[in-house]
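In this chain, numbering begins with 1 at the start of the sequence shown. The structure displayed is predicted, hence computed values, not measured ones.
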Amino acid sequence: MAPGRMHARGGIAITADCGLEALDSAGTIVVPGWSGIDAPVPQSLIERLVAAHSRGARLMSICSGATVLAATGLLDGKTVATHWRYSEALARRFPQVNVDASVLYIGDGRIFTSAGSSAGIDLLLHLVRCDFGAEKANAVARRLVMPAHREGGQAQYIERPVVPERGTLAPLLDAMRANLAGDHSISRLARAAAMSERTFLRRFREATGTTPGEWLINTRIDAARELLEQTRGSIDEISAAAGFGSVEALRHHFRRRFGISPATYRRNYLPGGPQVRADA
């Protein structure tokens, strides 16, 4: 694998200006894809990746690139993501790897895997956020004209990812975001949407990929996270502003999502504070 010319799909040619030796000093190594789930992975590449991981490098894959990381053995016993159309083939070739075809991306220690191309960009934005904070990640997302953040556990496929009609659920979602502490019971939301509760729940899942309760919790957590990153309000004030009924509720859901307390998150992400890598 000396530097040279590589051919991608669609007639695109890529010129590499370095060889595998570049992996010996890289801090983050991205495998953007592979020629096929069943295509062999050169032993020289496997050894370079294992050595890089051993010295502390972060590894990640996009789409079929999970094949390369699986071939190293570093994914054995771990849950990984890949594009849904490759999931069965990847699981057959590497039965010691647990393949989850339903999520956008997964991080486990210093190894990250993602689904298709857009999910790979989501993962890269997530790493920018972890390394440099929300402001930098949001700036990159604006340049890419992409959402600033999508959770890795979000479904790869949502039947109706964007509510297309202003007359359906879009105004209701906007109202919920604007009043996170309000009464958002299923019965009230269904009445506001002029639907039966059963129809409302079905339409809500079609539009968002989740339930109203989970959507509301995730939206509240996102609001709390932004306040923790961008303001110096107290945890009590942030809990109230984000719609949580108590600090205990905020702490519970924050730990469930991020594995750390809101106070620890703030210390990590406020300007001047220590930066936490995605494996922390």
side-chain hydrogen bond (donor to acceptor under 3.5 Å, both in side chains) against Arg92, all qualifying residues, sequence neighbours excluded: none
When you look at Tyr265 and Glu229, which way does the side chain to side chain contact (heavy atoms under 4.5 Å, CB included) test go after all the steps? CA-CA 8 Å; Tyr265 185 91; Glu229 293 170 351; 2.4 Å; yes
On a heavy-atom basis, the closest approach of Ser44 and Leu20 is OG-CD1, 3.7 Å
Give a yes or no on this: more than 12 heavy atoms of other residues, nucleotides or ligands lie within 6.0 Å of atom CZ of Arg55. yes
Using only atom types and a distance under 3.5 Å, with no angle test, would you say the side chain of Arg203 pairs donor to acceptor with the backbone of Leu169? no
Sub-3.5 Å donor-acceptor pair from the side chain of Arg110 to the main-chain atoms of Ala57, do we have one? yes
Could you tell me whether the side chain of Thr82 and the main chain of Cys63 form a donor-acceptor pair under 3.5 Å? yes
Do Asp76 and Val97 have side chains that get closer than 4.5 Å, going by heavy atoms? yes
Test your reading of the model: is there a side-chain donor-acceptor pair from His83 to the backbone of Ser117, 3.5 Å cut-off? no
I would like to know whether Arg142 and Asn138 meet side chain to side chain contact (heavy atoms under 4.5 Å, CB included); could you show each step before the answer? CA-CA 6 Å; Arg142 283 194 297 272; Asn138 291 343; 3.9 Å; yes
State, with a plain yes or no, whether a side-chain heavy atom of Leu127 is found less than 4.5 Å away from one of Arg58. yes
Hey, are the side chains of Ser114 and Asp122 touching, using non-hydrogen atoms and a 4.5 Å cut-off? no
Can you check whether Arg266 reaches Thr231 side chain to side chain, under 4.5 Å on heavy atoms? yes
Any donor-acceptor pair under 3.5 Å linking the side chain of Arg220 with the backbone of Phe244? no
Taking all non-hydrogen atoms of both residues into account, name the closest pair between Asp100 and Ser102 and its distance. OD1-OG, 2.6 Å
Does His53 form a side chain to side chain contact (heavy atoms under 4.5 Å, CB included) with Thr72? I'd like the steps, not just the answer. CA-CA 10 Å; His53 182 264; Thr72 67; over 6 Å; no
CZ/Phe204 to CD/Glu214 distance, rounded to the nearest 0.5 angstrom? 10.5 Å
Is it true that the side chains of Thr210 and Thr208 contain a donor and an acceptor less than 3.5 Å apart? no
Mark yes or no for whether Ser54, through its side chain, and Val50, through its backbone, hold a donor-acceptor pair below 3.5 Å. yes
Would you say the side-chain atoms of Ser261 and Arg251 include a donor-acceptor pair closer than 3.5 Å? no
Ser64 side chain to Trp34 main-chain N or O, any donor-acceptor pair under 3.5 Å? yes
Closest non-hydrogen atoms of Ile111 and Lys78, given as atom of the first, atom of the second and distance, are CD1-CE, 4.4 Å
More than 12 heavy atoms from other groups under 6.0 Å of CD on Glu88: no
I'd like to know if the side chain of Glu248 and the backbone of Ser246 have a donor-acceptor N/O pair within less than 3.5 Å. no
Looking only at non-hydrogen atoms, find the nearest pair between Thr113 and Ala81 and report the distance. OG1-N, 2.8 Å
Output, in order, the C-alpha distance, side-chain angles, deciding distance and verdict of side chain to side chain contact (heavy atoms under 4.5 Å, CB included) for Phe94 and Thr67. CA-CA 9 Å; Phe94 301 101; Thr67 301; 4.1 Å; yes
